[in-house]
*Asks:* 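Would you mind keeping the following structure in view while I ask a few things?
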Number of protein chains: 2
Amino acid sequence: MNYNYEHDLNKGISVDCVIFGFDFEKLKVLVIRRKPVENISESLVSLPGDLIFNDENLDQAAQRVLKELTDLENIYLEQLGAFGDLDRLSKPSDIAWLRSNRAQPEARVITVAYYALVNLNAFDPKPSNFAESVSWEPVEDIKSMAFDHLEIFNKAREELYRKLKIQPIGFNLLPKKFTLSQLHKLYEAIVGRELDKRNFRRKMIKLEIVKKLDEKQKGVPHKPSNFYEFHVENYKRLVNKGFDNFGF
Amino acid sequence: MNYNYEHDLNKGISVDCVIFGFDFEKLKVLVIRRKPVENISESLVSLPGDLIFNDENLDQAAQRVLKELTDLENIYLEQLGAFGDLDRLSKPSDIAWLRSNRAQPEARVITVAYYALVNLNAFDPKPSNFAESVSWEPVEDIKSMAFDHLEIFNKAREELYRKLKIQPIGFNLLPKKFTLSQLHKLYEAIVGRELDKRNFRRKMIKLEIVKKLDEKQKGVPHKPSNFYEFHVENYKRLVNKGFDNFGF
DNA sequence: TAGCAAAATGTCAAAATGACACTAAGCAAA
DNA sequence: TTTGCTTAGTGTCATTTTGACATTTTGCTA
């Protein structure tokens with residue numbers, strides 16, 4: 001799984017991935033802990049990321065690196081942007097790590113960040129390479145990260161929120177069959193506040209992005225919820241077109 | 001104006017700028033023509049862009065490069081994203097140019113693109129460095145560009161359109177005093193189709209992003225238009241908050 | 001069979017949208 | 001001085017969308 005000996009490593013460019021998952025309760029983000037170095041005990045979480053190869057596109061690099069560190073693959077990653085501040089690798093604990101992990105630890109490195117939304121239950125992350133552990137952390141618990149990853153993470157959250165306002169969301173985060181309550185919770189988790197249940201359902205139904213199925217929850221100690229699935233046609237159309245504001 | 005001997009050039013990372021301007025008629029984009037090399041006569045236009053230095057941030061690099069090539073400065077540039085496809089520098093005419101302009105013409109280079117909207121009349125671009133000429137071209141006339149600049153340009157136009165839908169626009173493209181017809185034309189230029197005049201005015205006024213001034217056009221052979229200015233407070237608030245869809 | 005828990009549903013007033021056509025003002029030419 | 005040209009500016013109405021709000025339904029469990 002280590003390609004370093006077969007490819008020409010680009011020592012000035014890395015990729016980092018912000019992977020959001022949803023467990024029907026909270027919005028979470030996939031983070032790794034790096035294997036400890038020297039006598040540095042501090043162990044900030046980081047986003048999965050690494051240097052790119054010179055013979056791969058940025059998108060491919062993101063896919064590869066994510067796979068190498070967490071074993072997740074075939075995830076639709078969207079680019080968030082490039083981060084290249086001069087001080088992005090300047091925390092003492094990060095410098096120590098770079099010294100023991102990089103051929104040119106002092107090199108200036110810019111990173112291209114990617115983000116994705118996934119159905120948390122459909123993936124089973126496993127740490128490898130320099131990742132000691134991988135875990136899903138509730139987004140609201142993330143207070144600090146290695147490198148400039150907190151900045152990247154915050155940007156990704158903003159982007160997610162911006163996206164939510166102009167197109168439907170959830171296709172990649174929910175199972176094929178889901179309930180409107182689950183979709184509702186997902187939106188609330190991203191928006192960060194309560195949304196009126198009736199108005200939410202009305203909107204989703206009017207936009208025709210969901211189809212009601214002839215199947216209900218079973219074994220729940222309350223009125224069972226109806227299952228829905230996404231109306232793929234309409235969903236995609238709205239992703240492309242965006243919700244209309246003011247006719248344009 | 002050539003910093004190359006004072007700074008450490010990063011040979012793997014460049015920046016490119018998509019500068020949109022508006023002349024009250026058409027939406028335009030700032031392009032340069034490179035000084036010709038060898039016996040290559042083909043002269044595709046390009047976006048102003050060049051390699052970055054290792055001691056500057058990406059944002060700074062974009063500002064500097066834009067200044068060096070076109071003499072434009074103090075422009076608020078927003079990042080569009082990174083472009084790093086393996087074949088982005090593979091057109092024959094581009095290879096010839098790289099050979100005569102770059103220390104490592106075969107090097108893999110990714111670029112970080114920026115875009116901005118400016119009041120075309122407030123700037124007077126002047127070519128320098130490897131730019132032979134600089135000009136404003138109507139966006140609809142752009143059919144091909146050097147490198148992968150057409151792809152970058154198209155992405156920038158999409159981004160501009162996306163932006164228009166969720167926040168007010170025009171603050172940087174119009175003079176301090178402007179007429180609602182000018183704003184209307186600007187929107188039509190970006191959206192690419194006609195927008196109902198009355199509904200447009202109603203919306204702008206209701207959003208309170210413009211303030212009516214006590215001043216009219218003079219010397220026009222028709223009913224003079226009233227001048228307006230932006231309501232900075234409300235404008236900024238809406239830029240941050242975005243237009244609401246569905247309460248979130 | 002009583003109680004619990006979450007699902008599901010409807011109404012109404014207010015605001016926003018979209019479609020649509022005529023009058024007003026200033027200048028220029030006859 | 002009158003007529004014509006050109007763009008600015010304005011209002012209405014029917015329809016749709018929003019936002020606020022409370023009760024009933026269903027299935028399970030004790």
Side-chain angles (χ1 to χ4, degrees), chain A residues 23-25 164-166 168 174 177-189 191 193-229 234 238 241-248, chain B residues 23-26 164-168 174 177-189 191 193-229 234 238 241-248:
Chain A
D23 65 359
F24 304 134
E25 281 297 327
L164 181 81
K165 294 175 84 153
I166 56 168
L174 294 176
K177 295 174 190 175
F178 54 89
T179 70
L180 284 190
S181 297
Q182 290 171 339
L183 187 61
H184 184 210
K185 269 191 185 155
L186 169 62
Y187 270 75
E188 289 188 329
V191 173
R193 65 185 169 77
E194 215 171 81
L195 300 172
D196 182 85
K197 182 163 52 161
R198 279 167 293 188
N199 294 342
F200 178 82
R201 298 169 74 97
R202 176 177 61 189
K203 183 82 170 188
M204 291 299 144
I205 289 164
K206 183 196 45 97
L207 288 174
E208 300 185 283
I209 59 179
V210 289
K211 282 190 288 196
K212 193 170 186 169
L213 296 175
D214 196 19
E215 189 182 348
K216 289 172 198 284
Q217 279 183 319
K218 278 176 191 161
V220 287
H222 55 74
K223 178 170 177 176
S225 196
N226 218 302
F227 283 116
Y228 286 77
E229 64 182 14
N234 288 341
L238 285 173
K241 172 164 106 58
F243 301 137
D244 265 3
N245 254 108
F246 184 34
F248 44 74
Chain B
D23 65 359
F24 304 134
E25 282 297 326
K26 290 178 164 185
L164 181 80
K165 294 175 83 155
I166 57 167
Q167 57 179 244
L174 294 175
K177 296 172 188 176
F178 54 88
T179 70
L180 284 190
S181 297
Q182 290 171 341
L183 188 61
H184 184 210
K185 269 190 182 153
L186 169 62
Y187 270 75
E188 290 188 330
V191 173
R193 66 185 168 78
E194 215 170 80
L195 301 172
D196 182 85
K197 182 164 51 160
R198 280 165 294 189
N199 294 342
F200 177 82
R201 298 170 75 96
R202 176 176 61 189
K203 184 80 169 187
M204 290 300 143
I205 290 164
K206 184 196 42 98
L207 289 174
E208 299 184 284
I209 59 179
V210 289
K211 280 189 289 195
K212 194 172 187 170
L213 296 175
D214 195 19
E215 190 183 347
K216 288 173 199 283
Q217 278 183 319
K218 278 175 190 162
V220 287
H222 55 74
K223 176 169 178 178
S225 195
N226 217 302
F227 283 116
Y228 287 77
E229 63 181 16
N234 288 340
L238 284 173
K241 172 164 106 57
F243 301 137
D244 264 4
N245 255 107
F246 183 35
F248 43 72

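A, B, ... follow the sequence lines: proteins, then strands. Residue 1 opens every chain. Fair warning: this is a prediction, and the values are worked out from it, not measured in the lab. The analysis underlying the following values was restricted to heavy atoms, covering all of them including side chains, and did not include hydrogens, waters or symmetry mates.
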*Asks:* Should B:Y187 and B:M204 count as side-chain neighbours, where that means a heavy-atom distance under 4.5 Å?
*Replies:* yes
*Asks:* By salt bridge (charged side-chain N to carboxylate O under 4.0 Å, His left out), which residues pair with A:E194, not counting sequence neighbours?
*Replies:* none
*Asks:* Taking CD from B:E208 and P from C:dA16, how many angstroms apart are they, rounded to a whole number?
*Replies:* 11 Å
*Asks:* Counting distance only, does the side-chain N/O of B:Q182 pair as donor-acceptor with the main-chain N or O of B:F24 below 3.5 Å?
*Replies:* no
*Asks:* Applying salt bridge (charged side-chain N to carboxylate O under 4.0 Å, His left out), can you list everything that pairs with B:K177, at least two apart in sequence or on another chain?
*Replies:* B:E215
*Asks:* So, using side chain to side chain donor-acceptor pair (under 3.5 Å) as the criterion, who are the partners of A:E188 when residues are at least two apart?
*Replies:* A:H184
*Asks:* List in chain and number order the residues that pass salt bridge (charged side-chain N to carboxylate O under 4.0 Å, His left out) with A:K212, two or more places apart in sequence or in another chain; answer none if no residue qualifies.
*Replies:* none
*Asks:* Can you name the ring pair (Phe, Tyr, Trp, His ring centres under 6.0 Å) partners of A:F227, sequence neighbours left out?
*Replies:* none
*Asks:* For DNA chain C, determine which residues of residues 215-223 of chain A have any heavy atom closer than 4.0 angstrom to one of its atoms, and list them numerically.
*Replies:* A:H222, A:K223
*Asks:* With hydrogens left out and only the distance checked, is there a donor-acceptor pair under 3.5 Å joining B:R202's side chain and the base of D:dG11?
*Replies:* no
*Asks:* For nucleotides 21-23 of chain D, list the nitrogen or oxygen atoms of the protein found under 3.5 Å from its nitrogen or oxygen atoms, one pair per line.
*Replies:*
from   : atom 1 : to     : atom 2 : distance (Å)
D:dC21 : N4     : A:R198 : NE     : 3.3
D:dA22 : N1     : A:R198 : NH1    : 3.4

*Asks:* Rounded to whole angstroms, how far apart are CZ on A:R201 and C1' on C:dG10?
*Replies:* 13 Å
*Asks:* List the residues meeting side chain to side chain donor-acceptor pair (under 3.5 Å) with A:R198, not counting sequence neighbours, and say none if there are none.
*Replies:* none
*Asks:* Can you check the A:L213 CG to C:dA8 P distance for me, whole Å?
*Replies:* 12 Å
*Asks:* How is B:K185 classified with respect to the nucleic acid when contacts are heavy atoms under 4.0 Å: base, sugar-phosphate, or nothing?
*Replies:* nothing
*Asks:* Grab the CG-P distance between B:L195 and C:dC20 for me, whole Å please.
*Replies:* 15 Å
*Asks:* Holding to salt bridge (charged side-chain N to carboxylate O under 4.0 Å, His left out), I want the full list of residues that pass it with B:K26, two or more places apart in sequence or in another chain.
*Replies:* B:E140
*Asks:* Roughly how many Å is it from NZ in B:K206 to P in D:dG11, rounded to a whole number?
*Replies:* 18 Å
*Asks:* Does C:dA7 have its OP1 or OP2 closer than 4.0 Å to a side-chain nitrogen or oxygen of A:T179?
*Replies:* no
*Asks:* Whole angstroms only, please: what is the CG-C1' distance between A:N226 and D:dT25?
*Replies:* 13 Å
*Asks:* In whole Å, what is the span from the CG atom of B:L180 to the C1' atom of D:dT7?
*Replies:* 14 Å
*Asks:* Closer than 4.0 Å, any side-chain N/O of B:S225 to the OP1 or OP2 of D:dG9?
*Replies:* yes
*Asks:* Roughly how many Å is it from NZ in A:K203 to C1' in C:dA16, rounded to a whole number?
*Replies:* 12 Å
